[in-house]
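Taking it in order: structure first as structure tokens, then the write-up.
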Amino acid sequence: MTATDATTRPTPETVRMTLREAHKQSLRAALDHDERVFLMGEDIGAYGGCFAVTMGLLDEYGPERIRDTPLSEIAIVGTAIGAAMNGMRPIAEIMTCNFSLLAMDQIINNAATLLHMSGGQFNVPVVIRTTAGAGRQLAAQHSHSFEPYFAHVPGIRVVSLATHADARGVLAPALEDPDPVILFEYPRLMTMEAEVPVDPDIVDLSSAAIRRPGSDVTVVTYGATQHTVLDAAEALAADGIDAEVIDLRSLRPLDDATVFASVARTHRAVVVEEAWRTVGLGAEVAARIAEEAFYDLDAPVARIGCAEVPLPYAKHLEDAAIPQVESIVAEVRRVMHRG
Amino acid sequence: MTATDATTRPTPETVRMTLREAHKQSLRAALDHDERVFLMGEDIGAYGGCFAVTMGLLDEYGPERIRDTPLSEIAIVGTAIGAAMNGMRPIAEIMTCNFSLLAMDQIINNAATLLHMSGGQFNVPVVIRTTAGAGRQLAAQHSHSFEPYFAHVPGIRVVSLATHADARGVLAPALEDPDPVILFEYPRLMTMEAEVPVDPDIVDLSSAAIRRPGSDVTVVTYGATQHTVLDAAEALAADGIDAEVIDLRSLRPLDDATVFASVARTHRAVVVEEAWRTVGLGAEVAARIAEEAFYDLDAPVARIGCAEVPLPYAKHLEDAAIPQVESIVAEVRRVMHRG
Amino acid sequence: MSRPSPGRFRLQAPPNLDAEHGLDLLRTMVRIRRFEERCVELYSAAKIRGFLHLYIGEEAIATGVMAAIDLDDAAVSTYREHGHAIAKGIGTDVIMAEMLGKVDGVSRGRGGSMHLFDAATRFYGGNAIVAGGIPLAVGLALADKLQGHDRVTVCFFGEGAVDEGAFHESINLASLWNLPVLFACENNHYSMGMALTRAEAQTDLALKAASYAVPAWRVDGMDVLAVEEATRKAVTAIRGGEGPVFIEYETYRFRAHSMYDPDLYRDPDEVAAWKQRDPIPALASLLTELGHLDEDGLATIEAEADAEIDVAVTFAESSPLEPLDDLERFVVSEVTP
Amino acid sequence: MSRPSPGRFRLQAPPNLDAEHGLDLLRTMVRIRRFEERCVELYSAAKIRGFLHLYIGEEAIATGVMAAIDLDDAAVSTYREHGHAIAKGIGTDVIMAEMLGKVDGVSRGRGGSMHLFDAATRFYGGNAIVAGGIPLAVGLALADKLQGHDRVTVCFFGEGAVDEGAFHESINLASLWNLPVLFACENNHYSMGMALTRAEAQTDLALKAASYAVPAWRVDGMDVLAVEEATRKAVTAIRGGEGPVFIEYETYRFRAHSMYDPDLYRDPDEVAAWKQRDPIPALASLLTELGHLDEDGLATIEAEADAEIDVAVTFAESSPLEPLDDLERFVVSEVTP
Ligand SMILES: Cc1ncc(C[n+]2csc(CCOP(=O)(O)OP(=O)(O)O)c2C)c(N)n1
Ligand SMILES: Cc1ncc(C[n+]2csc(CCOP(=O)(O)OP(=O)(O)O)c2C)c(N)n1
Ligand SMILES: [Mg+2]
Ligand SMILES: [Mg+2]
């Protein structure tokens with residue numbers, strides 16, 4: 001058990017926990033609820049999980065259900081797909097999305113494709129958990145944000161989990177989904193704590209979430225970055241700018257209706273993401289807003305993404321590469337004073 | 001030799017050739033020009049190339065320079081990267097971009113990243129040739145258009161080659177580029193013939209090309225689809241709509257200046273691509289137009305992409321999934337009569 | 001290199017060969033052959049499009065393997081799969097409809113030649129990424145084991161697939177977890193134009209399996225009886241919980257890699273020598289020798305196969321196309337299971 | 001399982017051991033050890049961040065291997081690379097500056113601990129994708145061969161990398177093309193928390209190399225003299241055009257996988273037993289026995305190492321940060337070669 005798991009005792013209604021613990025609770029609930037569920041991935045068992053999310057589960061559920069695998073990303077994903085086609089509900093873990101590049105063929109050419117290619121005969125109820133994001137000085141090969149790659153592909157559902165409620169609520173619907181679901185978790189948020197209801201909220205993970213209502217400008221984001229955006233929104237509020245912050249949450253399909261409705265009220269939009277800006281999710285959101293809410297807009301939609309560099313190790317460079325409170329505030333201000 | 005290679009004799013100034021032959025000439029010129037150049041890939045030698053582009057080169061240049069490889073996409077790309085870092089100028093072929101998914105880790109985590117990660121010490125002058133696109137009833141696993149994936153990544157140059165001049169002109173600049181270049185070719189265009197100058201034109205492959213000047217609407221496209229778009233433009237012309245057709249050609253970096261200049265004249269834009277629409281290149285182009293040319297626009301930028309399905313085998317379904325003259329014409333008309 | 005030479009010539013009858021069983025094997029091989037010959041015609045007539053990879057010459061493998069497994073065992077195949085699909089028990093009518101891209105095709109016209117799927121016979125496709133189906137087979141077998149099913153998964157792949165990392169990761173996992181998978185390697189000595197001897201530094205494939213502690217046998221893939229016998233032994237061991245087995249079936253494709261392939265890389269003498277080993281006449285003469293078959297009997301089998309394919313083509317031709325409105329169906333599931 | 005047990009205990013002196021050479025080996029190992037011990041301190045002081053993978057316990061491998069190759073031979077490494085980098089000849093000052101993310105770091109602060117690169121010593125990184133550097137090594141060797149250079153490329157990777165398809169594709173290609181690569185497998189018996197015996201169905205790694213026709217030897221990786229001798233033999237063969245060699249260096253990491261790892265998966269007795277085999281005291285006592293070293297000599301070596309690391313830290317601390325304006329440099333090349 002990690003130090004942060006040993007938090008203060010719950011009041012009758014709420015309990016304080018880390019996001020790591022929220023993820024783990026959700027896995028435990030899935031394992032308890034459906035005996036077809038099993039976990040497989042690198043170091044999820046004896047090691048306790050790369051980010052300690054699965055710590056303890058091996059002891060609780062045993063090696064048949066918590067399956068440590070060799071370092072074989074193709075086989076991990078492909079085997080999970082096969083097991084899903086044959087009656088099981090595997091939850092496969094690819095430690096980080098950086099390594100998911102090794103499994104892209106299985107994810108796209110098999111998981112996303114088999115149902116259609118088989119004329120509807122073989123659905124693939126696999127859940128793939130992975131992580132994304134920079135901010136821990138892990139340098140280029142460990143800091144990618146590949147949500148946009150998966151959001152591009154028909155046949156998979158993509159959900160990003162950056163709050164306790166979403167983390168705890170996700171696995172029930174994900175496992176009910178007859179089709180592949182890819183879950184993004186965010187290592188740099190694992191120790192984030194929150195007071196949450198003892199019983200997890202039911203969340204609709206196919207919808208976007210308005211994390212902060214506001215009337216002046218819509219800031220659309222997803223993943224860990226939303227916490228930076230919320231901080232920026234507070235800074236802007238102090239300055240008289242009331243930003244509405246939308247967490248896309250479901251990255252495929254996109255709940256653009258929530259975005260359009262917001263823009264119809266605010267008339268201005270900024271999209272903030274940690275992935276590279278070019279051909280990112282921000283491009284998609286900006287394009288959709290321009291298509292569907294063009295006449296609502298008082299200014300062009302602005303986008304902030306990762307600087308177009310492989311993520312550097314040095315902290316000042318890494319910080320400069322990814323969206324920060326200051327850069328978000330500056331961009332929102334720019335959009336507010338224009339048009 | 002394929003039948004189409006035996007075409008009519010050249011006039012003194014021009015010669016008729018297929019696009020396949022144009023690609024081959026370019027490879028031959030590269031091999032002749034620089035002894036550090038060698039080709040490696042699956043079936044490029046004894047078989048003559050999956051699309052017969054390299055047919056005959058093994059006999060001409062021998063097995064040291066035309067290197068047949070095992071079916072090992074990771075090793076093909078990774079080995080080419082290593083050779084490029086150590087003085088050679090490899091041209092690696094991944095038969096189709098469908099299989100490039102197996103090599104994504106090498107392309108992104110190594111080719112695109114090593115220069116930056118090494119603080120500028122190791123550049124990677126590798127050229128990767130691959131193919132994209134549907135239209136030949138090859139079904140889901142053989143019909144992908146993954147140009148958007150590569151256009152997303154800093155550190156690589158991405159060029160799409162859908163005309164004779166570009167095919168013949170590409171390799172000289174690509175091989176001069178000290179950094180990785182990914183070239184997209186289009187199987188369904190291989191037998192397309194054209195009358196071309198005996199000596200290849202010099203083309204600036206970092207720029208977009210205006211394939212058809214026009215004044216009413218800008219249609220932005222790339223790859224094989226541009227020929228469909230040009231047909232659509234003719235149909236529109238008959239109808240009094242004068243479309244400007246822009247081939248992006250360089251997919252990374254994007255020559256958006258050419259696009260903006262056009263939109264400043266036409267005030268309307270449609271982006272047409274064969275990749276899935278969501279988080280595609282069309283999104284990026286639409287987002288940039290909205291950002292930089294917002295006040296020039298008389299109507300929202302429209303996007304046409306592949307239907308959000310894995311490509312089906314049956315011809316009528318495949319045709320319905322990818323942009324066709326009719327769907328392009330209809331969309332341009334819609335944009336013209338709006339706003 | 002000696003490997004691509006055809007080896008010994010005549011089938012040996014096992015002591016206990018049942019006449020009806022022998023004839024069934026022959027029927028299946030003939031049906032596959034005739035089916036594919038008709039496909040060539042339909043390809044020339046532009047009714048079949050896309051890639052078409054023929055199994056002609058290799059029919060003994062699918063036929064012998066499927067004869068050795070149970071109905072509810074699973075199969076995973078490649079793009080060279082007509083033989084596997086027919087031998088597994090999918091109707092030639094629905095396969096042919098698939099070849100023509102019709103709605104009554106096994107994959108509703110979405111898959112074509114390379115992507116035949118059939119839940120009823122547990123035929124899990126039809127994978128056109130070399131080695132792409134291998135991890136799926138491992139997963140199917142894992143699910144069977146976890147659910148206590150006494151079932152085996154046969155995974156077909158060519159010797160070229162052994163070049164791919166996916167093969168190695170998968171066979172290691174299957175062995176480590178002791179899963180009921182038969183790795184059925186169809187070694188036809190070429191992957192497209194690449195001879196095995198030019199693609200693998202070590203061409204003894206059994207050594208690769210051994211490096212994962214998987215028992216590996218080499219079998220004459222032109223001898224349907226040998227194929228069946230070896231497969232039966234392997235499947236018995238696998239079903240008995242002994243973990244995966246790797247069988248290398250030595251064979252040869254009589255035709256080019258696909259309809260696009262000018263086949264410039266093989267020595268015509270080599271092709272001709274292997275054609276002498278055609279598994280169909282080989283079995284037919286053995287059965288004739290044993291008195292189980294005469295000329296009339298063979299003619300009847302061929303005529304029945306032709307008639308079946310006629311029916312299949314008629315069925316396929318008259319099957320409607322999927323309505324265009326249904327293009328986007330099956331991207332996500334329509335029912336929650 | 002018997003493999004992770006430490007095996008025999010004492011170094012054997014080769015008959016012709018040169019005193020100065022022995023002391024050099026000792027110096028290098030001590031320098032690596034002291035460098036990393038200082039890194040731990042700097043990590044605790046939050047001056048080094050990100051992942052930090054220590055090589056402590058494994059120093060004999062880098063030291064022995066680099067002693068056996070030439071200056072212009074190339075090395076490709078992993079994220080556990082400080083030892084390789086120092087033994088290859090990169091200055092501890094510029095490595096330390098890299099650890100601190102400074103502009104004078106070998107990778108200008110962009111790589112950090114996992115991505116040390118140095119063109120001058122032909123050190124090609126620092127790859128943090130398990131097995132991701134292996135194909136690069138094959139390519140480096142291919143280029144040397146094509147250009148007629150008489151150079152060898154040493155490719156370091158852990159036993160965990162053998163699980164990855166990339167390893168298999170790469171060693172096959174190297175063998176097929178007879179390339180000058182030394183596959184230097186550092187078998188420390190664990191990949192993160194995964195014991196080799198739990199990750200590979202066949203733990204005899206030599207069989208994997210054999211399945212690609214690559215000769216494979218197993219060497220005691222705690223014995224720097226054995227490491228050097230075996231490597232020298234391999235490199236001679238490779239340089240002689242005999243193609244790649246695979247050496248499994250048996251070793252053990254004394255510390256957790258990275259600074260994040262609570263190390264819950266190893267038996268403390270196992271760790272303690274291996275620590276008895278620490279390669280540094282082992283060589284020191286051998287040299288003492290042979291009369292090449294006394295307590296003062298050892299103290300001097302340690303003091304020199306400490307002094308060197310002091311200088312390195314001072315250099316690193318005083319090195320400036322890359323100006324923020326230069327963030328986007330080196331995404332594309334600045335000069336055309
Ligand atoms: C990953 C991948 N690489 C390349 C191809 C192109 N390709 C299709 S079939 C084939 C040859 C495969 O040979 P083998 O595995 O021996 O099977 P065979 O065709 O001989 O039955 C190749 C290279 C592909 N489909 N997938
Ligand atoms: C492709 C990939 N998968 C997983 C990881 C996470 N990871 C980093 S080091 C490591 C263990 C590697 O073990 P081994 O190859 O034995 O080297 P060692 O760390 O023991 O030196 C793992 C799983 C990674 N970096 N890359
Ligand atoms: Mg083959
Ligand atoms: Mg290890």
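First the proteins, then the strands, lettered A, B, ... as listed; each starts at 1. These numbers were taken from a predicted model, which means no experiment stands behind them.
In this structure, Glu328(C) and Ala307(B) approach most closely via the heavy-atom pair OE2-CB, 3.7 Å. The two residues Asp68(B) and Arg198(C) come nearest to each other via the heavy atoms OD2-NH2, 2.7 Å. Listed here is the closest heavy atom pair of Pro312(B) and Leu327(C): CG-CD1, 3.8 Å. Summarising the geometry of Gly193(C) relative to Ala46(B), their closest heavy-atom pair is O-CB, 4.1 Å, with the distance given to 0.1 Å. Nearest heavy atoms, Gly111(C) versus Ala139(B): O-CB, 3.6 Å.
If you tally non-hydrogen atom pairs under 4.5 Å between each of Leu100(C), Leu324(C), Leu321(C), Val130(C) and chain B, the highest count goes to Leu321(C). When Gly48(B), Cys50(B), Pro70(B) are compared by the number of non-hydrogen pairs under 4.5 Å with chain C, Pro70(B) comes out ahead. The most heavy-atom pairs under 4.5 Å with chain C, out of Asp319(B), Val309(B), Asp43(B), Leu311(B), come from Asp43(B).
Rounding to the nearest 0.5 Å places CD of Glu318(B) at 13.0 Å from CZ of Arg110(C). Distance check, rounded to the nearest 0.5 Å: CE of Met192(C) to CG of Leu71(B) gives 9.0 Å.
At a heavy-atom separation below 4.5 angstrom, chain C is approached by Phe99(B), Leu102(B) within residues 96-104 of chain B.
Residues Glu308(B) and Val331(C) form no side-chain contact, since every pair of their non-hydrogen atoms from C-beta on lies 4.5 Å or further apart. Inter-residue side-chain proximity for His142(B) and Phe51(C) is flagged as met; some heavy-atom pair is nearer than 4.5 Å. Put simply, the side chain of Met55(B) reaches to within 4.5 Å of the side chain of Leu264(C), judged on heavy atoms.
Formation of a donor-acceptor pair under 3.5 Å by the Ser72(B) side chain with backbone atoms of Glu164(C) is not found in this model.
Heavy atoms of Asp326(C) lying under 4.5 Å from chain B are absent altogether. Within the 4.5 angstrom heavy-atom criterion, atoms from both the backbone and the side chain of Glu73(B) approach chain C. When heavy atoms are compared at a cutoff of 4.5 Å, Leu52(C) does not approach chain B at all. For Asp263(C), no part lies under 4.5 angstrom from a heavy atom of chain B. The contact between Met114(C) and chain B is made entirely by side chain atoms (from C-beta outward), counting heavy-atom distances below 4.5 Å. Contact annotation for Arg49(C): both backbone and side-chain heavy atoms come within less than 4.5 Å of a heavy atom of chain B. Neither the backbone nor the side chain of Ile74(B) comes within contact range of chain C, judged by heavy atoms closer than 4.5 Å.
Using bins of under 30°, 30° to 60° and over 60° for the plane-to-plane angle, the ring pair His257(C)/Tyr47(B) lands in the perpendicular bin.
With a 6.0 Å radius and a threshold of 12 heavy atoms from other residues, nucleotides or ligands, Arg65(B) has its CZ atom above the threshold.
The aromatic ring centroids of Tyr313(B) and His115(C) lie 6.0 Å or more from each other.
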